[in-house]
Amino acid sequence: MDTTQLALLALLAGIIVGGSVSALVVAAMRVRDRALAESSAEVPDGVRGVLHGMDDAALVVDASFTVLAASSAAAAFDLMEGGVLPTDELRALVRRVRTTDAVATETTATEPMRLRRGAPPAEPRLVSVRASRISPRLTLLVLRDITEHERVEEMRRDFVANTSHELKTPVGAVSLLAEAIESAADDPPQVRIFATRLQAEAARLALLTSRIMNLSRLQASDELPAQIVSIDEVVAGALDAHAIQAASAGVEVVRGGARGLYVRGDAQVLTEAVGNLIANAIAYSPHGSSVGVGVKAADRIVEIAVTDRGIGIAEGDQDRVFERFYRADPARARRTGGSGLGLSIVKHAVQRHGGEVRLWSRPGRGSTFTMRLPQVDAPAEEAAPKRARKKKRVSSADAISRPDEASGSASPRPRLAPSPLRTERASTTKGDPA
């Protein structure tokens, strides 16, 4: 073998050895990079931009459940960068995805759970949480609020059954009374009796239809008008609307507690909600008793409590009284004309305002329903006019009571009879457990 051939063989061997070494180096570098990527807690490039462009709440957490990146919508669930997952359910879902043995580089799992959206007293929302493993140390969580979807589905399922059951009674009564009036055409006293009952059934049917429409409006509406509402005006409107009912039942309604509190929402909806509580308290209170309406504020939460000294609610019924068409005492509800929708309207109205309703009741001792709503500051333009009007009233009173310089006589002050619905108390409603 000559020198040229030996040189070619040596060159070929060098190429083979060099290629093998290069391949080993590249493979080692890839293994190293893969190991670094798997053990790194750094968020991959582009992930933050994707998160900030999402409408749903989404976040990336590491092995210690620390939020490394989050979308803007995640702040509503108190999930922000640098924070820690707040619930054990979220941590368990992340832990399960991260430790799942699978051939694929990503594993996913979806679970429904309830998370609080916003500050208390907001009620927890039903959320579908999807977890995807980005790496052994990083996990992507996507939270989708499905409360409205579930609510609409439940409303669709229950609406036909409930309305058909509740509407058939007054509709059937109207039909029978109409036939009775026709058959008693020659008997005027009987016609008057049947006509009176027909009017009562028609009024019951109209009330039931109106409440069904109000409840459907509350359940179907996504947003309520964001106006600053005076609690004093809400309570006063509810008291005035039920003054005749209280007088007829021989029940005194007493308003006490704090003044000058404000919330954000719809004044008409809140007035109707408070009115429903007052109407129930009057209907279930004995003759000669009193109903208390107390207002107070604590920790930026306004509480409106309506207390009665009525028959109370059994403990087994307290979890169901807010259901549509549910009556704890069906016989009493028929006598008072109750539709079973008032408390359901109260619950949905308060939830729409970011609040909650609490119930305390003992059979034979009465009940207290408390609406808890987030408090807001009073509007700036309200303070000055109120002070001006107060000064004006004082000066007018002084002018009335000041002796006439010419005659030396004093003009008497007029006296106004107190209204039974506006009796003041120094403290909140007596017996309020809240």
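None of these values were measured; they are calculated from a predicted model. Just so it is clear, the values below take in all heavy atoms, side chains as well, and ignore hydrogens, waters and symmetry mates.
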Item to check | Side-chain heavy atoms of Val67 within contact of Met80, under 4.5 Å | outcome: no
Checklist entry - With no hydrogens and no angle check, is any side-chain donor or acceptor of Thr110 less than 3.5 Å from a backbone partner on Ser128? => result no
Checklist entry - Measuring from Leu90:CG to Leu79:CG, what's the distance to the nearest 0.5 Å? => result 7.0 Å
Let me have the donor-acceptor pairs involving side chains of residues 13-21, under 3.5 Å, with sequence neighbours excluded, atom names and distances please.
unit_1, atom_1, unit_2, atom_2, d
Ser20, OG, Ile16, O, 2.9

Next on the checklist: Closer than 3.5 angstrom, by distance alone: can the side chain of His287 be matched with the main-chain N or O of Val251 as a donor-acceptor pair?
Outcome noted: no
Checklist entry - Does Arg300 CZ have over 12 foreign heavy atoms under 6.0 Å away? => result yes
Next on the checklist: Show, in sequence, the C-alpha distance, side-chain angles and deciding distance for Glu111 and Arg96, and conclude whether the side-chain contact (heavy atoms from CB on, under 4.5 Å) test is met.
Outcome noted: CA-CA 11 Å; Glu111 282 188 5; Arg96 191 183 75 184; 2.9 Å; yes
Item to check | Heavy-atom donor-acceptor pair, Thr147 side chain to Leu126 backbone, under 3.5 Å | outcome: yes
Next on the checklist: To the closest 0.5 Å, what do you measure between NE2 (His353) and CG (Leu270)?
Outcome noted: 3.5 Å
Checklist entry - Is any side-chain heavy atom of Asp266 closer than 4.5 Å to a side-chain heavy atom of Arg352? => result no
Checklist entry - Do Leu51 and Met54 have side-chain heavy atoms sitting under 4.5 Å apart? => result yes
Item to check | Distance-minimising heavy-atom pair for Ala57 and Ser71 | outcome: CA-OG, 3.5 Å
Item to check | Reported CG-to-CZ distance for the pair Asn276 and Phe369, which is rounded to 0.5 angstrom | outcome: 11.0 Å
Next on the checklist: Distance check, rounded to the nearest 0.5 Å: Asp55 atom CG versus Asp145 atom CG?
Outcome noted: 13.0 Å
Next on the checklist: With a 3.5 Å distance limit and no angle check, can you tell me whether Arg91 reaches the backbone of Leu85 through a side-chain donor-acceptor pair?
Outcome noted: yes
Item to check | Shortest non-hydrogen contact between Asp232 and Arg255, atoms and distance | outcome: OD1-NH2, 3.0 Å
Checklist entry - Roughly how far apart are Arg125 CZ and Gln351 CD, rounded to 0.5 Å? => result 8.5 Å
Checklist outcome for this item: Nearest heavy-atom approach of Val229 to Gly265 is CG2-O, 3.4 Å
Checklist entry - Any donor-acceptor pair under 3.5 Å linking the side chain of Ser285 with the backbone of Ala281? => result yes
Checklist entry - Looking at side-chain heavy atoms only, is the closest gap between Asp62 and Leu138 below 4.5 Å? => result yes
Checklist outcome for this item: Of all heavy-atom pairs linking Phe194 and Ile181, the shortest is CB-CG1, 3.4 Å
Item to check | Set of salt bridge (Lys or Arg N to Asp or Glu O under 4.0 Å) partners for Asp299, sequence neighbours left out | outcome: none
Item to check | side-chain contact (heavy atoms from CB on, under 4.5 Å) evaluation trace for His348 with Phe322 | outcome: CA-CA 9 Å; His348 286 88; Phe322 294 101; over 6 Å; no
Next on the checklist: Under 4.0 Å between a side-chain nitrogen and a carboxylate oxygen: does that hold for Arg264 and Asp377?
Outcome noted: no
Item to check | side-chain contact (heavy atoms from CB on, under 4.5 Å) evaluation trace for Asp308 with Asn280 | outcome: CA-CA 9 Å; Asp308 63 69; Asn280 278 358; over 6 Å; no
Checklist entry - Val306 and Thr368: side-chain contact (heavy atoms from CB on, under 4.5 Å), yes or no, with the steps? => result CA-CA 6 Å; Val306 179; Thr368 297; over 6 Å; no
Checklist entry - Under a 4.5 Å cut-off applied to non-hydrogen side-chain atoms, are Val97 and Thr108 in contact? => result no
Checklist entry - Is there a donor-acceptor pair under 3.5 Å between the side chain of Glu303 and the backbone N or O of Ala298? => result no
Checklist entry - Between the side chain of Ser361 and the main-chain N/O of Gly366, is any donor-acceptor distance below 3.5 Å? => result yes
Checklist entry - Is there side-chain contact between Leu343 and Leu277, with heavy atoms separated by less than 4.5 Å? => result yes
Item to check | Taking every non-hydrogen atom, the tightest pair across Leu115 and Leu143 | outcome: CD1-CD2, 3.4 Å
Checklist entry - Can you tell me how far CG of Asp78 sits from OG1 of Thr87, rounded to the nearest 0.5 angstrom? => result 11.0 Å
Item to check | Shortest non-hydrogen contact between Ala297 and Gln375, atoms and distance | outcome: CB-OE1, 3.6 Å
Checklist entry - Does the side chain of His242 reach to within under 4.5 Å of the side chain of Val253, using non-hydrogen atoms? => result no
